[in-house]
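Order of appearance sets the numbers: ligands from 1, and atoms from 1 within every ligand. Everything numeric in this text was worked out from a predicted model, so none of it was measured. Note: hydrogens, waters and symmetry copies are ignored here, and every other heavy atom, side chains too, is used.
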Amino acid sequence: MPTTIAAPKKAPATEADFLPLQGTDYIEFYVGNAKQAAHFYKTAFGFQSLAYAGPETGTKDRVSYAIRQNKLTFLLTTPLRPDHPIADHIAKHGDGVKVIALKVEDATSAWNETTKRGGKSFMKPTTLTDDGGELVMSGIHTYGETVHLFIERENYNGPFMPGFRKWESAYNPTDAGLLYCDHCVGNVGWNQMNPWVKFYEDVMGFRNILTFDDKDISTEYSALMSKVMSNGNGFVKFPINEPAEGKKKSQVEEYLEFYNGEGVQHVAIATKDIVKTVTELQKRGIEFLNIPTSYYDTLPDRVGHIDEDLEPLKRLGILVDRDNEGYLLQIFTKPVEDRPTLFFEIIQRKGAKSFGKGNFKALFEALEKEQDARGNL
Ligand code: FE2
C-alpha cells in the first residue's frame with residue numbers, strides 16, 4: 001500500500017496571490033473515440049501510456065485514457081452511452097478541450113477564493129481516495145463550456161487520480177521532446193475578450209501582460225484581437241482572442257462557427273530543441289501550416305543573429321521572432337480533427353517571453369489559405 005505523504009504546511013491565501021498556481025496539471029479532451037485518440041497522441045506526438053479508467057475500474061459511464069510526456073499530461077475521455085452529457089458536448093463541439101486543470105496546493109481555498117469573486121462553480125471541493133492516497137479537486141466554469149479544475153495532489157501517490165489504474169502497454173513510441181504546456185489560447189465571441197479578461201483578473205487574480213489589437217493582427221482579409229492573461233508566477237498563461245472586422249471572415253469566426261461556441265483554440269507545447277521535435281513530428285505524420293519560403297528571405301534582417309541554421313527552419317516551416325528579452329521559435333499544426341477547430345503550437349523560447357507578434361501576418365496568411373480551401377474565408 002502506498003503511504004500518504006504529509007502535506008507541507010499551507011500558507012494562507014493572501015490578497016496579493018489568492019490563487020497560487022503551480023502550473024498546468026493536465027488537459028482533458030472530450031473525444032469521439034478515446035482509445036483511438038490515445039493511440040494517435042502516442043504514435044504521432046510521442047506520449048506514453050499512464051493510466052486508464054473505465055468499466056473495469058468502476059467508472060461505468062465513460063472511459064478515460066491518461067497519457068504523459070515529460071510534464072505534459074493529456075486525458076482523453078469518451079462516454080459509453082448516447083444519453084450522456086459528454087455525448088452532447090461532442091455532438092455540439094466535436095473533439096475538443098473540456099478541462100484545463102491547474103495544480104494547486106489547496107483546492108478548497110482555490111474554489112472558495114474564486115467563487116467568492118464571482119466564479120461559477122463547476123465542482124465543489126471533492127476528496128477522492130484510493131490505494132494511492134487522497135486527491136482533492138474543485139472547479140469553476142470559464143468561456144464556452146470549458147472549465148478549470150483545481151487539483152491538489154500532494155497527498156496522492158497513485159499513477160494519475162483515484163479511479164484510474166496504471167495503464168501498461170507494450171506499445172511505447174519514443175518521446176518527441178514535448179516538455180510542458182507553455183500557454184493555452186481561448187477563442188471568444190464578438191466583444192467578449194474584455195469581459196473574459198476581467199474574469200481572469202477579478203476571479204483568478206491574473207494580469208493582462210500583452211495586448212494585440214486588430215492592427216497588430218490583420219491581413220488583407222481578416223483580423224482579430226488578443227490579450228494575454230498570466231497568473232502571478234507566470235506558470236499559467238491564457239491568451240484570449242476575439243474576432244475583429246475585416247473584409248472577410250476571420251479565423252476566430254470560423255472556429256466559433258465550427259466549435260459551436262467559445263473554446264480552446266490552441267495548446268502551445270514547449271520543447272528545448274524545436275528542429276528535432278518538429279522533424280520527429282513530421283516524420284510521424286503531423287501536418288503543419290505551410291509558410292511561404294519568402295518569409296525566410298527577410299528573417300535575418302528582422303531577428304538578427306540566432307543560434308540555429310536557417311536551412312532546417314526553412315525546410316520545416318519554423319517561425320522566429322525576437323523581443324527585447326531574446327527570441328523564440330514556433331510552428332503551428334493544422335487542426336488535429338476534421339472540424340477546423342483545435343490545433344497545437346510547438347514553441348522553443350530562447351529568452352523571449354512574448355508570443356511571436358512578428359509572425360502574426362505570415363501565420364495568418366497561411367491560416368487563411370487553409371480557410372479559403374475549406375470555403376470558409
Ligand atoms: Fe500561441
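- Taking the N/O/S atoms of His266 in turn, the shortest distance to the Fe ion (ligand 1) belongs to NE2.
- Among the atoms of Asp182, no N, O or S atom is found under 2.8 Å from the Fe ion (ligand 1).
- For the pairing with Glu262, the side-chain contact (heavy atoms from CB on, under 4.5 Å) check across Val188, Val252, Thr146 returns one residue only, Val188.
- Checking each of Asp273, Val320, Asp307 against Leu329 for a side-chain contact (heavy atoms from CB on, under 4.5 Å) leaves exactly one that passes, namely Val320.
- Note on Tyr30: it does not cluster hydrophobically with Leu342, by side-chain heavy-atom contacts below 4.5 Å among ILVMFWY residues.
- The neighbour count for Lys350 NZ, taken as heavy atoms of other residues, nucleotides or ligands under 6.0 Å away, is above 12.
- Annotation: angle subtended at the Fe ion (ligand 1) by Glu345 OE1 and His183 NE2 is 100°, to 10°.
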